[in-house]
Undergrad: 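Next up is a structure, given as C-alpha cells.
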Amino acid sequence: MIHQYKNNGYNIVLDVNSGAVHVVDDLTYEMISLYEDHSREEMFSLLSSSYPEQELIEAYDEIQDLVREGQLFTEDEYESYIMDFKKRPTVVKALCLHIAHDCNLACRYCFAEEGEYHGRRELMSFEVGRQALDFLIANSGNRRNLEVDFFGGEPLMNWQVVKDLVAYGREQEKIHDKNFRFTLTTNGILLNDEIMEFANREMANVVLSIDGRKEVNDHMRPFRGGQGSYDRIVPKFRKFAESRHQDKYYVRGTFTHYNLDFSEDVLHLADLGFKQISVEPVVAEDSEAYALRKEDLPKLFSEYDKLAAEMVRRRKEGRDFNFFHFMIDLEGGPCVTKRLSGCGSGTEYLAVTPWGDLYPCHQFVGNEEFLMGNVRDGVIRTDLRDEFKSCNVYAKEKCRSCFARFYCSGGCAANSWHFHGHINDTYEIGCELQKKRIECAIMLKAAEAMEP
C-alpha cells in the first residue's frame, strides 16, 4: 500500500507498510501511480507523449529496485503480530492522577466541566495518591520506567499533595527498582517561582495551557467571572519556558470553530519565544457553537499547509520551533506495538479520580459505564480491560485502508465512543485532520533532508 501526495512543491510517496518515504520527480510520481494496475508496456504507452523513452526506462528500473529492496509496495506483516502480542499479560505503565477535581478557570470547551467530571469537586488526598502509586508499582510487572501525570481540573490547587506524592514516589523507586517520570499539566494561574523550581527538578515534562492570541485565549479560557487569563499567564509561561531551557515542556492550546485561522495562534506563541508548541483541534458535539464541522476542513487543511510552509521558512532563518503534531520520526519512532494499538488506555494507561476510582483514561472519567475498579482493589472490570486490549488498527475497519494508521494508531478510543457509541470506530473529523498533519510532517522532513 502506498500514499502519494504533493505538498510545498514536493512529490512525496509513502510506502505505508515499510514506512519508507520517497521524494521523486514528476515522471516517477506518475509511474508509481500506475505501477500496480498496469504492465510496463501500458505505462510506457500512457507516458510516452510526455517523457522520452530513456527516462521512462530509468524511472521504471528505479521503481523495480525499490520494490525488490522492500521500500515500495510492501506487504502488511503486522496483523498476526499484534494479535499475538495482545495475548500477553497486561502490565500498567502509566497513571493520570486527577489530583484536583476543581479549577480556577471556566474554559468553555472543557470536557471536565470546570474540573468536576460529571461529579463533585474534590481534591485527592495523599493517602489515595499513595495507594495509586502502590497500585502502579504492584501492577507494572518487570517494567522499570513508570509515568505519572498530575492532572485536573487544576493540579496546582492541590500542590502540597503533588509534592508529597513525588517525594513518596522517589522513596519507592529505591525500594522497588523503578523509575518514575512525573509530568504536570497546568493553566498557570497559581504558578510561582517555588513551583517552577520544584517542577524543574522533578517534572520530566510540563504542559502549559494557553490557546494563542489574547482575544482567542480570553474568549475560551476565562475566569468564572468572565475575565481573561492571558495577561496573568503569559509572563509566567515565558519565564518558565526559559527556566527549562526551552525544552521538556509544551505550551498547549485548543482551536475551535471561532479561530479556524489557528496557524496565527501557533505563530503568535512562536513569536512570544516558545519553542515547544501544541495547538490541537477541539472535539465537541455539533450542537456546540465552537465545534468543528466538516465544512471547516478545507480551511483547516490550508492552515496546516500554511503553518508547515512557514516553519520551513523560519528554520532556514534560524527561527525554528517544534509543533507537536508535525513531529514525526521516520527512522525509529514508536515501537510496533504502540504504532498498532495507540496510547494503551484501559490497559497500560489508567486515570485515577480523587477518591481512587480507575477509568480507562481522563476522557472517560465520570462515566460509570467505564468504571474499572479502584486503587485499593485493582481492576475489577476485566471485561472492559480486555475490550480495550483488543483495540488496534486491525479491529477498526476504517483503519485498514488508511495510510495514516501506523502514525495515529487508530485514533482516540474516547472520541470513537463519544461519536459512535463504541471504541472500535473513528472520529471522522479527527481522522481527516490527522492525515493532513502527517502529510505536512513528512513534507517537513523531506524539506529538511533536501536543504543544502
Side-chain angles (χ1 to χ4, degrees), residues 89-102 115 117 122-188 190-209 240 243-244 247-250 338 343-362 365 372-379:
T90 302
V91 298
V92 182
K93 67 178 184 180
L95 293 181
C96 179
L97 289 191
H98 289 221
I99 204 75
H101 271 196
D102 200 355
Y117 288 88
E122 186 160 335
L123 303 181
M124 181 179 286
S125 67
F126 170 75
E127 178 61 21
V128 169
R130 181 189 64 77
Q131 291 174 335
L133 297 188
D134 290 345
F135 163 83
L136 177 56
I137 292 169
N139 289 274
S140 60
N142 294 326
R143 184 180 180 88
R144 185 169 186 272
N145 294 319
L146 306 177
E147 300 183 18
V148 175
D149 182 29
F150 294 106
F151 199 69
E154 173 47 47
L156 299 191
M157 295 178 74
N158 198 12
W159 180 242
Q160 186 59 51
V161 172
V162 171
K163 292 194 296 181
D164 292 344
L165 288 174
V166 169
Y168 179 75
R170 296 301 180 215
E171 293 173 358
Q172 297 306 301
E173 286 178 327
K174 303 179 183 69
I175 298 171
H176 298 282
D177 191 28
K178 301 290 183 180
N179 178 55
F180 279 107
R181 181 180 185 271
F182 292 109
T183 61
L184 173 71
T185 299
T186 177
N187 63 30
L190 299 176
L191 201 58
N192 58 34
D193 289 347
E194 183 269 326
I195 292 172
M196 292 185 203
E197 195 234 340
F198 182 89
N200 287 341
R201 187 171 67 250
E202 298 288 359
M203 301 294 171
N205 194 52
V206 178
V207 177
L208 308 169
S209 299
F240 200 9
S243 75
R244 293 180 76 84
D247 192 23
K248 297 179 181 176
Y249 79 95
Y250 276 99
K338 189 169 182 63
C343 66
S345 61
T347 55
E348 299 176 329
Y349 167 81
L350 299 169
V352 185
T353 68
W355 42 92
D357 287 342
L358 297 172
Y359 287 87
C361 82
H362 60 284
V365 167
M372 298 184 69
N374 60 72
V375 294
R376 294 167 296 281
D377 303 320
V379 174

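This structure is a prediction, so every number in the text was calculated from the model and none was measured. One is the number of the first residue; the rest follow in order along the sequence. The figures that follow rest on heavy atoms only: side chains count, while hydrogens, waters and symmetry mates do not.
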Undergrad: Rounded to the nearest 0.5 Å, what separates atom CG in D247 from atom CG in N205?
TA: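 Between D247 CG and N205 CG, I get 8.5 Å after rounding to 0.5 Å.
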Undergrad: Once rounded to the nearest 0.5 Å, what's the spacing between atom CG of D134 and atom CD of Q131?
TA: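 One finds 7.5 Å between CG of D134 and CD of Q131.
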Undergrad: With distance as the sole criterion, is a donor-acceptor pair present between the side chains of N187 and S209 under 3.5 Å?
TA: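 Per modelled atom types, N187 and S209 side chains form no pair under 3.5 Å.
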Undergrad: Give a yes or no on whether the backbone of I99 and the side-chain of N158 come within a donor-acceptor separation of less than 3.5 Å.
TA: yes
Undergrad: Quick one: do the E348 and T90 side chains pair a donor with an acceptor below 3.5 Å?
TA: no
Undergrad: Looking at L191 and L156, what are the two nearest heavy atoms and their distance?
TA: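 Closest approach of L191 to L156, heavy atoms only: N-CD1, 3.8 Å.
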Undergrad: Please work out which of the three classes, parallel, tilted or perpendicular, describes the rings of H362 and Y349, given edges at 30° and 60°.
TA: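 Perpendicular.
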Undergrad: Please report the closest heavy-atom contact between H98 and P354, naming both atoms and the distance.
TA: O-CG, 3.4 Å
Undergrad: Could you state the interatomic distance from CZ (F151) to OG1 (T185), rounded to the nearest 0.5 Å?
TA: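 Reported to 0.5 Å precision, the distance equals 5.5 Å.
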Undergrad: Do V207 and T183 have side-chain heavy atoms sitting under 4.5 Å apart?
TA: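 V207 vs T183: side chains apart.
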Undergrad: I need the minimum non-hydrogen distance between T347 and V92, along with the two atoms involved.
TA: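 What the structure gives for the nearest pair is O-CG2, 3.7 Å.
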Undergrad: Does the side chain of L350 come within less than 4.5 Å of V379's, by heavy atoms?
TA: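 Of all side-chain heavy-atom pairs linking L350 with V379, at least one is under 4.5 Å.
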Undergrad: Go through E202 and K163 one step at a time and tell me if the salt bridge (charged side-chain N to carboxylate O under 4.0 Å, His left out) criterion holds.
TA: CA-CA 9 Å; E202 298 288 359; K163 292 194 296 181; over 6 Å; no
Undergrad: Supply the atom-to-atom distance L208 CG to L184 CG, rounded to the nearest 0.5 angstrom.
TA: 8.0 Å
